S.K.: 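Pasting a structure below so you can have a look.
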Amino acid sequence: MKKYIVMGNYTAKAFQGFMKDPHKIEQLQSKQLTEAVGGNLNLLIYVEVLMISLEYFRGCAFEDFAAIKLAVESTGTVKNVTILEEMDINKAAELAAKAMAGYKPAG
């Protein structure tokens, strides 16, 4: 089961909503969105300096989280959503070595 980290910047519109209802639980909304595509929200934290949320998910495919990105950014409350997908570094290194076997740099 793949793991993903999703980061995004809150906009002024989101901050206005937070000020109207400071006790609004953003984690519940993130959890509902994730479960709607079959995923599982494991962790939600806020990074103060950049005003971004970091969310750690499990399950689903990259496209499912891309759908969440589209849905959330379309509301205007979050921008610059970045999705990081877990990868196998050993497999990547093996493939890089294989690719380099026949590669000749230009020049």
Side-chain angles (χ1 to χ4, degrees):
M1 185 177 296
K2 290 255 182 171
K3 296 178 185 125
Y4 301 86
I5 294 175
V6 179
M7 301 179 289
N9 298 87
Y10 288 109
T11 64
K13 184 176 178 181
F15 295 136
Q16 291 167 1
F18 292 155
M19 289 187 295
K20 284 181 186 172
D21 187 1
H23 302 289
K24 183 179 179 182
I25 303 174
E26 185 72 18
Q27 184 166 357
L28 285 178
Q29 292 175 332
S30 295
K31 183 176 174 155
Q32 290 170 344
L33 280 168
T34 308
E35 289 175 352
V37 296
N40 185 357
L41 173 66
N42 290 54
L43 175 69
L44 171 63
I45 60 172
Y46 298 94
V47 180
E48 181 181 346
V49 176
L50 299 175
M51 296 309 285
I52 64 173
S53 67
L54 298 173
E55 303 177 34
Y56 170 70
F57 300 96
R58 249 188 3 204
C60 298
F62 185 87
E63 291 79 9
D64 297 319
F65 291 103
I68 291 174
K69 171 189 168 73
L70 291 171
V72 171
E73 284 192 346
S74 75
T75 69
T77 59
V78 180
K79 62 182 181 178
N80 303 323
V81 172
T82 302
I83 305 166
L84 304 173
E85 183 177 8
E86 174 186 42
M87 64 169 275
D88 181 341
I89 190 68
N90 295 324
K91 183 175 180 181
E94 288 172 11
L95 291 171
K98 182 178 177 181
M100 289 300 292
Y103 177 72
K104 295 194 192 291

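All values reported here derive from a predicted model rather than from experimental measurement.
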S.K.: Applying side chain to side chain contact (heavy atoms under 4.5 Å, CB included), name anything that partners Leu95, two or more places apart in sequence or on another chain.
M.R.: Lys91
S.K.: Just to verify, what does Glu85 make a side chain to side chain donor-acceptor pair (under 3.5 Å) with, not counting sequence neighbours?
M.R.: Lys2
S.K.: Under 4.5 Å side-chain heavy-atom separation, chaining through any Ile, Leu, Val, Met, Phe, Trp or Tyr, what else clusters with Met100? Say none if it is isolated.
M.R.: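 Grouped by the 4.5 Å side-chain rule, Tyr103 form the rest of the cluster around Met100.
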S.K.: Quickly, which of Leu84, Val78, Asn80, Val81 forms a side-chain contact (heavy atoms from CB on, under 4.5 Å) with Met7? Name it, please.
M.R.: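 Answer after filtering Leu84, Val78, Asn80, Val81: Leu84.
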S.K.: Show every salt bridge (Lys or Arg N to Asp or Glu O under 4.0 Å) that has at least one partner inside residues 60-77, sequence neighbours left out.
M.R.: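 Output for this query lists Lys69-Glu73.
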S.K.: Under the side chain to side chain contact (heavy atoms under 4.5 Å, CB included) rule, collect the residues that match up with Asn90, sequence neighbours excluded.
M.R.: Asp88
S.K.: Assess the residue pair Ile68 and Val6 against the criterion (side-chain contact (heavy atoms from CB on, under 4.5 Å)); give the C-alpha distance rounded to whole Å, side-chain angles, the decisive distance to 0.1 Å, and a yes or no.
M.R.: CA-CA 10 Å; Ile68 291 174; Val6 179; over 6 Å; no
S.K.: So, using side chain to side chain contact (heavy atoms under 4.5 Å, CB included) as the criterion, who are the partners of Ala67 when residues are at least two apart?
M.R.: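 Side chain to side chain contact (heavy atoms under 4.5 Å, CB included) check on Ala67 returns nothing, list empty.
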S.K.: Mind checking side chain to side chain donor-acceptor pair (under 3.5 Å) for Thr75 and listing every partner two or more places apart, or none if nothing turns up?
M.R.: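 Per chain and number, Thr75 pairs via side chain to side chain donor-acceptor pair (under 3.5 Å) with Thr77.
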S.K.: Which is it for Asn40 and Asn42 under the side-chain contact (heavy atoms from CB on, under 4.5 Å) test, yes or no, and what are the steps along the way?
M.R.: CA-CA 6 Å; Asn40 185 357; Asn42 290 54; 3.9 Å; yes
S.K.: With sequence neighbours excluded, give me every ring pair (Phe, Tyr, Trp, His ring centres under 6.0 Å) pair touching residues 69-94.
M.R.: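 For residues 69-94, and leaving out neighbouring residues, there are no ring pair (Phe, Tyr, Trp, His ring centres under 6.0 Å) pairs at all.
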S.K.: Hydrophobic side-chain clustering at under 4.5 Å (ILVMFWY, transitive links): who's grouped with Met19? Put none if nobody.
M.R.: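 Met19 shares its hydrophobic cluster with no other residue.
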S.K.: Which residue pairs pass the ring pair (Phe, Tyr, Trp, His ring centres under 6.0 Å) test with at least one member in residues 61-92, sequence neighbours excluded?
M.R.: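 Sorted result for residues 61-92: Tyr4-Phe65, Phe57-Phe65.
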S.K.: Heavy atoms only: give me the nearest Lys13-Gly76 pair and the separation to one decimal.
M.R.: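 Shortest heavy-atom contact: CB-O, 3.8 Å.
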S.K.: What residues, two or more places apart in sequence or in another chain, satisfy side chain to side chain contact (heavy atoms under 4.5 Å, CB included) together with Glu94?
M.R.: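 Expected list: none.
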S.K.: Would you name the heavy atoms of Leu33 and Val72 that are closest together and state the gap between them?
M.R.: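 That closest heavy-atom pairing would be CD1-CG2, 3.5 Å.
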